[in-house]
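One structure is given below, encoded as C-alpha cells.
The figures that follow rest on heavy atoms only: side chains count, while hydrogens, waters and symmetry mates do not. Below, chain A is the first sequence line, B the second, and so on; all start at residue 1.
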Number of protein chains: 2
Amino acid sequence: MSQHRPPGAPERPVAVPALPDLPEATVARLPEYLRALHNLAENGHETVSSEWLATAAGVNSAKLRKDLSHLGSYGTRGVGYDVALLIDQIEYVLGLTQRRTVALVGVGNLGHALAGYDGFATRGFRIAALFDSDPVRVGEEINGLVVRHVDELSRVATEESIAIGVIATPAAAAQRVADRLVAGGVTSILNFAPCVLTVPDGVDVRKVDLAVELQILSFHEHRKASLTALPAAGEAPLTPLPGSLAATDPQEAIGT
Amino acid sequence: MSQHRPPGAPERPVAVPALPDLPEATVARLPEYLRALHNLAENGHETVSSEWLATAAGVNSAKLRKDLSHLGSYGTRGVGYDVALLIDQIEYVLGLTQRRTVALVGVGNLGHALAGYDGFATRGFRIAALFDSDPVRVGEEINGLVVRHVDELSRVATEESIAIGVIATPAAAAQRVADRLVAGGVTSILNFAPCVLTVPDGVDVRKVDLAVELQILSFHEHRKASLTALPAAGEAPLTPLPGSLAATDPQEAIGT
DNA sequence: CGCGATTTGTGCGTGTCTTCACAAGCGCTT
DNA sequence: AAGCGCTTGTGAAGACACGCACAAATCGCG
Ligand SMILES: NC(=O)c1ccc[n+]([C@@H]2O[C@H](COP(=O)([O-])OP(=O)(O)OC[C@H]3O[C@@H](n4cnc5c(N)ncnc54)[C@H](O)[C@@H]3O)[C@@H](O)[C@H]2O)c1
Ligand SMILES: NC(=O)c1ccc[n+]([C@@H]2O[C@H](COP(=O)([O-])OP(=O)(O)OC[C@H]3O[C@@H](n4cnc5c(N)ncnc54)[C@H](O)[C@@H]3O)[C@@H](O)[C@H]2O)c1
C-alpha cells in the first residue's frame, strides 16, 4: 500500500493514519479471530491456516483472509499465519496493547454479574470504578472495588481517564448516566438498558439487548414452523387481520 | 411452540398466513420498533409517524418505512401508523403471539442475573426451566423455579417443548450443552459463552459476547486517539514489527 | 367538493459486504 | 534446480443494505 511516501509529493493531505481504516464488518470479527488465536496459542500451535482459523472463528475462509489482508498481510503462502505474530497484530489494531479502563454504572442484578466477570481482565480491560445511585449499594465492596455514588461519576471518569462506560441501570436512568459519562470525557459506551441513547458526535455507543436477541430467534422459530407446516403451499394472505392474529399459527416447531 | 399437543392432535395446516421472508437486517430492527411502540402505547399515543418512530428507535425514517412495508403496509398516508395495530403486526411476525418457553443452562454469576430478569416475561418469553451441573446448585430455587441437573436437559426440553435455550456456562461446557439442547429438540440457542458452537442445519445460534463488544469499542477508541494525535501527518508504518508493538501508541485516551 | 398539507410506499443510485475462483508465492522433495 | 502441493492475497461479480427523493394517497378545512 502506501508504506513509502514517494518523493515529489510534499505536503499532501496524506490520509495515512496509524491505523488502517477497516470496514466495520471486519472490526466486528477481529475479536473473534483473536479469541480463536489465543486458544490455538495455548494449545501450542505456532502457525495456522486461514481454513483452520476460519473454522475456529465460525466464518468463511476467504472472508477471513480478506479481513486479515486489511491489516497488512502477515501470512506466508503455502504455510499459513504465525499465531503469535497475528495475535500481536490484532491486539495492536484493536488498541489492546494498552489496558483500557472501564466504569460500570448500575450495580444491580446484571451489574453484579458484570463486576464479578473475569472475562474483562483476561481480554484487555480493567474495571476501574463502580457506581450506583442507591444509598444502600453505595459503599458496598465488590471484587476489591467500592461502589461510589453516581454523582461522582463525571469527576471520577475524568480523573481516572475512563475509556469505556458500561451502563447497567434501568432504562429510565440510562440517558442521564450516559450524559454524565460524556461529561466526564468518556467517548465509548456499552449500553445494556433497553433504550436508545442520544450522544454527541464522536461518542460511540454499542447496545446489548437480551430481549432483542430472543425476539430475533423467535422470528426464525416462527418462520421454521410456518415453513414445515406448509411445505409447498402457495401464498395465503400475508395480511392477517388484527382480530385473528392471536389465533393464527397452529402447531409450530414440532420438534424434529 | 405449541404446548402439549392434546391426544386428538388437531394438526392441520389451516389458513396459516405465510410469513414474508424479511431481510435479516429488518428482522434485527423489528424488536427495536416494537419496544418503541410499547412506550408510545403506554403514553397514550394512538398513531405515530415514521419520522417519530424512527427517531425513537434510532434509525433513519426511510429505512423504517421500508422495513414496515415488508410486513404488508399498515400505515395511512398523511396520518401515520396505528400504534396498536402495528404492535400486533410486529408481534405476529416475530412469533410473539405465542409465549415462547426458554431454558436457561448455567446458573452461575450471569445465569442468576438472567434468571431474575423480568425483561424476559415482559417481552414475550417465559423461563420454563433452569439447569446446572454443580450439585450444590441443583435443587436451589430461583424465582419459583428449581434448578435441575443438566443431565435432565434433553428430556425436559422435549417434555416442556422448550423453544429457546440460553447457554450461560463456561465456554468449555457450552458445546456439550448445545448438543443436549439440540437432542431435546431445541432449534434456537442464545449463547453467552465465548466460543463457537457447532450445530446441525436448521438450528439457529446467536451469540452475545461482552468482550467482543468492548474490543470493538476499544478499536474505535484507539482510532479516535490516533486521529486526534496526528491530525495530518503520515505516521508509523502500519506494520509495527513484533518487537515494537507494545511501544507504539503514544498517549491515547487523554480524557477530554 | 376541491385543495393544500402531510406522510406513506418505493424506484433507484450508491456503497458495503460476501463469495468464488485463481494466479502468485512459498517450502519441501527429488 | 526444478517440480509439486499447499496456502495466501485479491479481482471481479453478485447480493444485500442504505437513504434520497418523489409520486401517490389520505385527511382536514374552507
Ligand atoms: N438482569 C439481567 O439479566 C439483564 C439482562 C439484560 C438487560 N438487563 C438490563 O440491564 C439493566 C439493569 O438490569 P438489572 O436486572 O441489573 O436491574 P436492577 O434493578 O437489579 O439494577 C439496576 C441498578 O441500577 C441502579 N440505578 C438506578 N438508577 C440509577 C442511576 N440513575 N444511576 C446509577 N445507578 C442507578 C439501581 O440502584 C440498581 O442497583 C436494565 O436496564 C435491564 O433491562 C438486565
Ligand atoms: N458474568 C458475566 O458477567 C458474564 C458476562 C459475559 C459473558 N459471560 C460468560 O457467561 C458464562 C457464564 O459466566 P459466569 O460468570 O456466570 O460463570 P460462573 O462460573 O459463575 O457460572 C457458570 C455456571 O455454569 C455451571 N456449569 C458448568 N458446567 C456446566 C455444564 N456442563 N452444564 C451446566 N452447567 C454447567 C457452573 O456450575 C456454574 O454455575 C461464561 O462463559 C462467561 O464467559 C459472563
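Taking every heavy atom of residues 35-56 of chain A and every atom of DNA chain C, no pair lies under 4.0 Å. Residues of residues 58-68 of chain B having a heavy atom closer than 4.0 Å to DNA chain C, listed by number: B:Arg65, B:Lys66.
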Listed pairs, N/O of protein and of nucleotides 26-30 of chain C, under 3.5 Å:
from	atom 1	to	atom 2	distance (Å)
C:dC26	O4'	A:Arg77	O	3.2

Could you list, one pair per line, each protein nitrogen or oxygen that sits under 3.5 Å from a nitrogen or oxygen of nucleotides 28-30 of chain D, together with the distance?
none

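When atom types are taken as modelled, the side chain of B:Arg100 and the backbone of B:Gly95 share a donor-acceptor pair closer than 3.5 angstrom. The backbone N or O of B:Tyr92 lies less than 3.5 Å from a partner atom in the side chain of A:His222, making a donor-acceptor pair. Side-chain atoms of A:Thr55 come within 3.5 Å of backbone atoms of A:Glu51 as a donor-acceptor pair (strictly under, hydrogens ignored). Using a distance-only test at 3.5 Å, with no hydrogens or angles considered, no donor-acceptor pair links the side chain of A:Asn43 to the main chain of A:His45. Between the A:Ser49 side chain and the A:Gly80 main chain, no donor and acceptor come within less than 3.5 Å of each other.
Going from atom CD of A:Gln89 over to atom C1' of D:dG9 covers 16 Å, rounded to whole Å. For the pair A:Tyr33 OH and D:dT8 P, the computed distance is 13 Å after rounding to whole Å. With rounding to whole Å, B:Glu24 atom CD is found 13 Å from D:dA17 atom C1'. Atom CG of A:Leu22 and atom C1' of C:dT18 are 17 Å apart (whole Å). Whole-Å rounding puts the A:Tyr74 OH to C:dG25 P distance at 19 Å. Regarding A:Asp82, its CG atom lies at a distance of 15 Å from the C1' atom of D:dT7, rounded to whole Å.
Rounding to the nearest 0.5 Å places OG1 of A:Thr187 at 11.0 Å from NE2 of B:His220. Rounding to the nearest 0.5 angstrom, the gap separating the CG atom in A:Leu96 from the CG atom in A:Asp88 is 11.5 Å. For the atom pair B:His70 NE2 and B:Asp67 CG, the distance stands at 7.0 Å (nearest 0.5 Å). With rounding to the nearest 0.5 Å, the separation of CD in B:Gln215 from CD1 in A:Ile164 is 9.5 Å.
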Pairs of donor and acceptor atoms involving the side chains of residues 190-202 of chain B, under 3.5 Å and at least two apart or interchain, shall be tabulated with distances.
from	atom 1	to	atom 2	distance (Å)
B:Asn191	OD1	B:Ala193	N	2.9
B:Asn191	ND2	B:Ala193	O	3.2
B:Asn191	ND2	B:Cys195	O	3.3

Carefully, step by step, assess A:Leu71 and A:Leu30 under the rule side-chain contact (heavy atoms from CB on, under 4.5 Å).
CA-CA 10 Å; A:Leu71 22 129; A:Leu30 288 180; 3.8 Å; yes
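Listed candidates were C:dG9, D:dG9, C:dC17. Nearest to the side chain of A:Tyr81 is D:dG9.
Here the side chains of A:Leu217 and B:Arg206 are in contact, with some heavy-atom distance below 4.5 Å.
Scanning for salt bridge (Lys or Arg N to Asp or Glu O under 4.0 Å) contacts around B:Asp204 gives A:Lys224, with sequence neighbours left out.
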